[in-house]
Amino acid sequence: MWLEILLILLSLFLALYRLITKQFGKWKNLGIPHAKGSFPFGSYNFFISGKHLDELSAESHHKFASEKYFGWFLLGRPVLAINDVNLLKHIEVKDFDHFVDRQSKADNEKQFAGGDLDQIWKLQLTSITGDDWKEMRQAFTPIFTSGKMKGMLKFIKHVAGDLTKEIDSKAKKGEEFELKEVFGKFSMDGISSTAFGVNSESFTNENSKFVKNAAAMFRNSNLELLLAAVKFIPGVPQVLNLLKLDSFKPKETRFFRDIILQTIKIKKKHQREKK
């Protein structure tokens, strides 16, 4: 019995190894400079390094700074990275109709497979594709009209006042501080007040639930990185969808979902009262 189990596990491992490594020769065959891939994570071992994928990718951009483009591997998938500004401009502007989607719909389905909370992330503007992206983009456009922007200005001014007080306070104490942290608070309060109608109190309340949940969204543990990678293994997304298992920041996602639903409810109530 143990021999059969061992053979099954070995067969699964070999199949996974083949699935991930079968395209590792793609960039070499095309004569494109590239960061070599290795099993199982591809070019960047983000699980062991503890760095975000963007940090690791940035290191390769510096390494191949003299090249117009270079290749790397995400798990077993070849990815082409662009360094040349003019080439990037062609892709993003002139040839945009050929490069509309950030990722394929199939990848989006895999990345956010799971329960109802994970499904929410599948609908973000950076994930949806094709006509769905076009409809969503059209829905967002009215938000940035001059009238809407003027309405947001009073909230931004209030947050800017908090930023000024924070810098003045630190200056009087002769205290050193990280600009990234301070302006991160400014961004947080600006977004929360204009988009959610909530004062996140980044400058005044160290225990703000909004700030803590928002900060947690940008921190990924090794386990979370591993779960994200596992989703691209054939069969895993289907299992997660079947069992409705939420794996991507369920606590934080639920927190922001409830805030948005509450904001919509209040807005609809005020519209009914006006009528």
Side-chain angles (χ1 to χ4, degrees), residues 1-61 63-64 67 69-82 98-115 117-119 121-124 126-130 132 220-250:
M1 177 183 175
W2 289 108
L3 180 60
E4 286 82 355
I5 293 175
L6 182 61
L7 288 173
I8 291 173
L9 291 176
L10 180 60
S11 298
L12 290 173
F13 173 79
L14 291 174
L16 179 61
Y17 183 86
R18 173 58 182 165
L19 178 69
I20 291 177
T21 61
K22 65 180 180 180
Q23 295 197 73
F24 278 179
K26 182 179 179 69
W27 298 128
K28 182 179 179 180
N29 294 335
L30 292 174
I32 294 175
H34 61 282
K36 292 182 179 180
S38 60
F39 179 84
F41 297 107
S43 298
Y44 309 125
N45 196 331
F46 46 82
F47 183 68
I48 294 177
S49 69
K51 295 180 180 179
H52 192 277
L53 183 60
D54 290 342
E55 293 179 271
L56 296 169
S57 178
E59 292 175 3
S60 286
H61 276 279
K63 179 181 177 181
F64 296 101
E67 304 290 347
Y69 46 80
F70 65 94
W72 59 280
F73 299 94
L74 177 60
L75 300 177
R77 171 161 298 183
V79 179
L80 184 67
I82 309 298
H98 298 291
F99 300 95
V100 176
D101 298 332
R102 288 173 173 260
Q103 60 184 4
S104 68
K105 188 173 183 179
D107 282 350
N108 190 34
E109 294 287 345
K110 293 174 184 175
Q111 186 177 358
F112 300 110
L117 295 176
D118 279 0
Q119 297 298 311
W121 291 102
K122 190 169 64 176
L123 302 175
Q124 60 184 327
T126 54
S127 297
I128 53 179
T129 60
D132 292 333
N220 293 309
S221 66
N222 285 340
L223 177 60
E224 288 171 329
L225 291 173
L226 181 61
L227 286 173
V230 166
K231 286 185 176 183
F232 286 89
I233 297 175
V236 172
Q238 289 79 2
V239 173
L240 292 173
N241 286 331
L242 181 64
L243 299 178
K244 294 189 177 297
L245 295 176
D246 293 306
S247 59
F248 183 73
K249 308 288 185 183

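Excluded from the calculations below are hydrogen atoms, water molecules and symmetry mates; all remaining heavy atoms, backbone and side chain alike, are included.
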In the structure I gave you, are the side-chain heavy atoms of [X] and [Y] within less than 4.5 Å of one another anywhere?
{"X": "Arg77", "Y": "Gln23", "value": "no"}
{"X": "Glu109", "Y": "Lys122", "value": "yes"}
{"X": "Leu10", "Y": "Leu6", "value": "no"}
{"X": "Asn241", "Y": "Gln119", "value": "yes"}
{"X": "Phe248", "Y": "Leu117", "value": "no"}

task: Would you please classify the geometry between the Tyr44 ring and the Trp72 ring as parallel, tilted or perpendicular, with 30° and 60° separating the classes?
output: tilted
message: Over 60° means perpendicular and under 30° means parallel, so tell me whether His61 and Phe70 are parallel, tilted or perpendicular.
response: perpendicular
Any donor-acceptor pair under 3.5 Å from [X] side chain to [Y] backbone:
{"X": "Asp118", "Y": "Asp246", "result": "no"}
{"X": "Ser127", "Y": "Leu123", "result": "no"}
{"X": "Gln111", "Y": "Asn108", "result": "no"}

- prompt: Would you find more than 12 non-hydrogen atoms of other residues, nucleotides or ligands less than 6.0 Å from Phe24 atom CZ?
  reply: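 Check passes, neighbour count above 12.
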Enter the distance from [X]:[atom1] to [Y]:[atom2] here, rounded to the nearest 0.5 Å.
{"X": "His34", "Y": "Phe73", "atom1": "NE2", "atom2": "CZ", "answer": "5.5 Å"}
{"X": "Leu14", "Y": "Leu19", "atom1": "CG", "atom2": "CG", "answer": "12.5 Å"}
{"X": "Gln124", "Y": "Phe112", "atom1": "CD", "atom2": "CZ", "answer": "4.5 Å"}

